[in-house]
Each structure stands twice: as structure tokens, then as C-alpha cells.
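The structure appears right after this line, and notes come after that.
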Amino acid sequence: MFEIQKKDLYSGARTGILHTDHGIINTPVFMPVGTAGTVKGVLQRDLKEQVKAGIILGNTYHLYLRPGIDILREAGGLHKFMNWDRALLTDSGGYQVFSLSENRQLKEEGAMFRSHIDGSAHIFSPESVVDIQRIIGADIIMAFDECPPYPCDYDYARDSMMLTHRWLDRALERFNSTGQLYGHRQVLFPIVQGSVYSDLRKQSAEYIAARNMPGNAIGGLSVGEPAGMMYEMLNIVNGILPDDKPRYLMGVGTPVNILEAIDLGVDMFDCVMPTRNGRNGMLFTREGIINIRNKKWADDFSQIDGDGPSDISSYYSKAYLRHLIISGEMLGAQIASIHNLAFYLWLVDEARKQIEKGEFRNWKNKMTVALAQRI
RNA sequence: GGGGAGAUACCAAAGUGGCCAACUGGGGCAGACUGUAAAUCUGCUGUCGAAUGACUUCGUAGGUUCGAAUCCUGCUCUCCCCA
């Protein structure tokens, strides 16, 4: 499924190709988040033509609650339902165990949720989450895990990690005893946990590596811990996870986080930041971060990002986009989302080119300074 | 011409003797957002100061009172009803 093309001599960075039945994906890759079967505010057409996304995310928890698995099955899976013929990855709902923690109870069997929509009670188990993801039909599906919060004491982190491991083995059993429903291949990625504790991360990475799955994910990071801690954990984990399998860092992150993680050997990313922060007026550019709501852009009629990552980025002016965002116009959210996503895709694509040229480290060091800047 | 109501900060609008530099919306300015319960949330918004605080404000000019956005009088302006 995955083949490495080029390894950087001076860092852990590498380029690769990920094969799916919905197209091949060059790594490093950024995957736009489309929780409820839509990347918020962005047409599928624009995901292809402007953003140039080869793979996007959906979320098991959200899709299970609405529209529900019956509709998804009837539709023939999420690809058909949303008319997306490129690759899909579904998150398992593990993150919702974390983010909706007030509405949930954890047990060995699984997690009891209360729907954020109507308060109704539901149970997710490692098995049922595999079943649901079979019905959704994503190319890559995720094991059901617990994403512990930060800070998190050692005992909780250890117990949580071990629960995630037990859940993984149950998920694998279910996954291996069921098949795809729609004629294309599905693979399951397990998830490394262990909070910010080196020995737990090591233990978890070894456990996950031993399952010999087609790809491996790293979860439970960027939940509030300092970035340095995240890099430290990545360094440990990536030293253990097999080289010849893609490594997916879940939920990360800022452009700088992504470049640092690529440096440490991560291949796949997703994050709500380009879309959510875009809707809220934050734009990512090569020169740094723009808060387009700031008054200083009111009469700046230059392109949002001249010579930028998408046609949209150069088609509209900063002053116009500011006006739209300030006015709460939905076109503003669309433009900002498309631009930011295109920027993220450009960033990882450029990283890939730099790795191929053997100049990744130098380029990254230059870029991280500019990218973190507020302009 | 007669009768009535009103004038509060950028806008709207509370407040009717001390807890008022003045509720609340909106607007403005800034911040947050990392496997999306987020087109959401937070802070500030008279002047000066990092702050304790100081100073100037509730149409306008006076007055009553220890104390006035609030009570009294004159003036200016606005709106409504009748003719």
C-alpha cells in the first residue's frame, strides 16, 4: 500500500506514495477534515480544483448520528453519498471520547455517549466502530481509541493506553472477520497513545508496530501540551514505528507543527485549523499568519496571497475578504477555507519537493521562522 | 393655535436622588481556536494611565441638596394627537 520514494539524509523526513482504490497519494500529505461528510464551506469541486486534495476525512461519530448508518448504507457508502471519488479516511470517534467527555462514560466494553444533537444514549465499542466504518466505506479507517486529555497523570495515561491496546485487538479481530461492502479495499490504522510519557509512548509504539498494519497513527498529541513535548514524543514513536509504513499524526496542526513533524518522519496529517480558523478570519500564508479582521487590511486591495496556492488566493483582495468576514458573509468563510486548505496542501507538497531535492532541512528552518510570524 | 411625550456614550436603549463612567444589544478594536457540539467563543470600547486612580460626561443655562443622568425653573430642539 505504501512505498517510500526518498529519504532525507539530514532528517527523518521522507517522501512516499500511498495507494488506495480511490487514487494514489503522495506523502507527506495533508488531509482536509470533513467531519460530517463535508469539508465545511468547500465544494467537492473546489477540493479537487482549488485545494487539490487527494484524501479527506470523515468522522464516524458524527456520521453515525446524522445521517445515520441506514442512509449511508442505502447511499452505497460515503464516497457515493457525498460524490467524492478520491480517497477517504474516517476517524473512529475516539477524539469525541475526549472532546465530548462530559457526555460519556468509559467502560471496558466501550464508551457510552450521549448525542450532542438530541441527548440520546449510544454505545461505541471497538467492534461496532469497525462495523460502522465498513458501512461508511472509507479507504482508511481508524481503530477506536481513547484520547486522554492533557495534563493527564501517569496512572491514567497508562491505563488509558492499555485500554486502547485491548480495544485495538478487538477491533482487529472484527476487521479481519468482516469485509468491505462496496468493492474497494479498506485498511485499518491502529493508534499509538501514551500521553507525554516517554516510556508509555515507547511501549505503545512497540505494541502498535507489532500488529503490522498497513499504516500507523499517532494520537493524543496537540491536546494542549507544549509543542516541544509533542516533538519529543514523535521522536520516540517514529524511532519504533516501521519505516515502510505511513505514519499519520492525528489532528496536527499548525504549519510549523507539520514541518517539524515531517522532519521527524511523519507522513500524514489532518487538522481543522485551516478551515475553522479560516472561518474565524485567520489566514495562513508563506509570509506568516494574517488576522484578516484586523483594521489594517481594510484598504489593502492586494491579492489575498499573490502567486498563491490556489486561484482563489489571487482572485480576491484582502480588503474584500476582510469585508466579507467582518460582515459574516458565508462567501468569506468559503474563500478563507479554500485558501487555507490550498496553502496547507501547498506546504506539504513543497516539503515533498524539498525532500526530493535533499534540501528539506534548510528549507524547513527558513520556513518555520516565516510561518510563525504574525503579519 | 391647543394638548401630550421626549432629548443618555458611535447607534439603539435601560437607568428616575448616593451601589453610575452609567444595564443590555448592535457597531468598532483586539485575542483564542490543533483526529470540528465552533460561520464559534473571550476581552476591551468617555479621556489620561501598566495599575491603584485622576479628570470630564446623560440637549442647554441656572437652581435645590452633603450628594443630581435622576428633583425644580428658563431656553433650544424632536415626535405624537386635536384644530
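In what follows, every chain begins at residue 1, and chains take the letters A, B, ... in the order their sequences are listed. Computed from a predicted model, the values in this text were never measured in an experiment.
- Among residue pairs with one or both ends in residues 63-80 of chain A, those qualifying as salt bridge (charged side-chain N to carboxylate O under 4.0 Å, His left out) are A/D70-A/R73; sequence neighbours excluded.
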Expected rows: protein N/O vs nucleotides 43-46 of chain B N/O, under 3.5 Å:
none

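- Rounded to whole Å, the C1' atom of B/U45 lies 31 Å from the corresponding atom of B/U36.
- Scored by the side chain to side chain contact (heavy atoms under 4.5 Å, CB included) test, A/K295 finds A/R322 as partners (sequence neighbours excluded).
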Side chains of residues 216-229 of chain A: which donor-acceptor partners sit under 3.5 Å, not counting sequence neighbours?
{"unit_1": "A/E225", "atom_1": "OE1", "unit_2": "A/S222", "atom_2": "N", "d": "3.2"}
{"unit_1": "A/E225", "atom_1": "OE1", "unit_2": "A/V223", "atom_2": "N", "d": "2.9"}
{"unit_1": "A/E225", "atom_1": "OE2", "unit_2": "A/S222", "atom_2": "N", "d": "2.5"}

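- Judged as a salt bridge (charged side-chain N to carboxylate O under 4.0 Å, His left out), the pairs with a partner in residues 131-153 of chain A (not counting sequence neighbours) are, in order, A/D131-A/R174.
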Under 3.5 Å, which donor-acceptor pairs link side chains of residues 283-291 of chain A to any protein atom two or more places apart or in another chain?
{"unit_1": "A/T285", "atom_1": "OG1", "unit_2": "A/E287", "atom_2": "N", "d": "3.1"}
{"unit_1": "A/T285", "atom_1": "OG1", "unit_2": "A/G288", "atom_2": "N", "d": "3.2"}
{"unit_1": "A/T285", "atom_1": "OG1", "unit_2": "A/G288", "atom_2": "O", "d": "2.8"}
{"unit_1": "A/R286", "atom_1": "NH2", "unit_2": "A/D307", "atom_2": "O", "d": "2.8"}
{"unit_1": "A/N291", "atom_1": "OD1", "unit_2": "A/R293", "atom_2": "N", "d": "3.1"}

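- In this structure, A/I17 belongs to a hydrophobic cluster whose other members, linked by side-chain heavy atoms under 4.5 Å apart, are A/I24.
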Task: Protein proximity profile, nucleotides 31-38 of chain B - base contact B, sugar-phosphate-only contact S, no contact -, cut-off 4.0 Å on heavy atoms - done: BBBBBBBB
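- Listed by first then second residue, pairs satisfying salt bridge (charged side-chain N to carboxylate O under 4.0 Å, His left out) with a partner in residues 116-130 of chain A read A/E127-A/R170, not counting sequence neighbours.
- Contact annotation for A/R322: backbone-only contact, meaning every heavy-atom pair under 4.0 Å involves sugar-phosphate atoms and none involves a base.
- Nucleotide B/G28 holds its P atom 11 Å from the NE2 atom of A/H323, rounded to whole Å.
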